[in-house]
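Report on the following structure.
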Amino acid sequence: MKLSDCLDSDLKRALLSGCLRLHLGALSLKVTSSVPEFIAAFSLLYADHPVSLEGGAFDFDLGIRPPSVWRRWVRRSVTFEFAGDAPFQPMEVGHAHALFEWGLNWAIASYCHNQLIIHSAVLERNDRGVLLAAASGSGKSTLSAELMLRGWRLLSDELAMIDEELNLMPLARPVSLKNSSIDLIRLRHPLADIGPLARDTHKGTVGLLKASVDSIEQNRVAVVPKLIVFPKWTADSPLRVVPVGAGQAAMRLIDQAFNYSILGAEGFKRLVNLVRNTEAWEIEYSSLDEARDALDALVDECG
Amino acid sequence: MTYSLVAGLLIEPLPDGGALVFCGPTGSTTLVNDEGLRTLILLASQGSVSFDSECRNESGLYDSISHEAVSFLERSELVIRA
């Protein structure tokens with residue numbers, strides 16, 4: 001059942017009692033919280049995701065909770081908990097939903113070592129998987145949001161998960177928009193569902209964009225990668241699209257990989273297979289329309 | 001100078017030239033060009049190689065390998081014993 005099919009009272013009870021399971025691609029997450037601000041944002045952003053309210057097996061035990069009693073009197077804040085531990089400092093209650101996403105990214109990158117995990121958005125069009133690999137601040141989430149809202153399927157705006165068969169594993173969940181990209185996407189897509197803004201975070205203002213229904217419904221369908229793109233947003237830059245050699249692409253992906261060194265030779269083999277079976281390009285742009293058109297053309301032309 | 005490679009190198013030539021090299025002992029990955037690849041293959045196949053000028057001139061075996069390639073490999077994180 002979808003989260004939006006649940007009665008509010010049932011959902012709150014399941015979140016409070018630890019019986020809620022959020023099904024996110026191949027992962028099943030136990031999510032626990034009693035924080036009203038988090039529950040409201042979670043209900044909006046994950047409305048179309050499958051959940052169950054009867055407990056059961058889970059991969060990760062995640063919680064958003066008020067911190068210790070004395071801290072509640074200092075400032076209203078929340079803690080991200082992973083299996084009962086709090087790996088991060090508490091944050092303002094208004095950041096709870098962003099903290100959940102960051103905590104989930106951390107959990108996946110720290111524990112899912114059956115996958116090669118690269119800091120990259122992943123999208124799909126015409127059954128062709130596309131990695132948008134770049135460091136934070138290069139505009140990949142904004143570009144991912146634009147592509148998703150124009151009909152591309154989103155697999156992730158943050159983590160490319162590559163299995164031993166070289167499949168890209170889907171993990172469609174909210175897209176993390178930052179600062180001016182929030183208004184940009186709102187202007188271009190007035191009907192887009194963006195959750196409450198988390199202001200003054202260490203990344204500035206964060207707005208989470210709900211994943212498209214189509215992306216969520218295909219969250220168990222893996223995709224074969226065909227294209228690696230290194231996007232770079234630069235103010236006032238004309239569109240520049242240049243090929244990247246396989247070796248250079250591999251070295252750039254290593255820079256963005258979370259667990260390459262942990263996987264050792266297996267990670268190397270997976271990476272070599274990836275760059276041998278894909279084309280790699282660098283796109284520098286200032287116009288989202290131009291970048292989208294260029295990506296459409298690259299996807300159409302790749303094998 | 002005689003060079004040798006430790007065991008555990010994975011060498012994967014690439015379709016557009018050069019190769020990716022994974023060094024098991026250090027876990028590092030290095031991108032080498034065609035010349036570096038030839039040098040590595042030579043090192044790997046011979047076990048150890050002595051790059052003295054007399055040998056280079058007489059046998060012609062190392063004609064395609066420059067000191068730059070050897071120097072690059074020495075500076076890389078591949079484990080090369082000199």
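Every chain is numbered from 1, with letters handed out A, B, ... down the list of sequences.
The stretch residues 112-136 of chain A participates, sequence neighbours left out, in these ring pair (Phe, Tyr, Trp, His ring centres under 6.0 Å) pairs: A:H119-A:F258.
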Verdict with reasoning, B:T29 to A:Y260, per side chain to side chain contact (heavy atoms under 4.5 Å, CB included): CA-CA 10 Å; B:T29 304; A:Y260 179 74; 2.4 Å; yes
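Among residues 235-256 of chain A, the residues having any heavy atom closer than 4.5 Å to a heavy atom of chain B are, in sequence order, A:G245, A:A246, A:G247, A:Q248, A:A250, A:M251, A:I254.
Of all heavy-atom pairs spanning A:F268 and B:L20, the tightest one is CZ-O, 3.4 Å.
For A:E158, the salt bridge (Lys or Arg N to Asp or Glu O under 4.0 Å) criterion is met by no residue, not counting sequence neighbours. Shown here are the side chain to side chain donor-acceptor pair (under 3.5 Å) partners of A:D300, two or more places apart in sequence or in another chain: A:R125.
Ionic pairing of A:R276 and B:E12 is present here: one or more N-O contacts between side-chain nitrogen and carboxylate oxygen are shorter than 4.0 angstrom.
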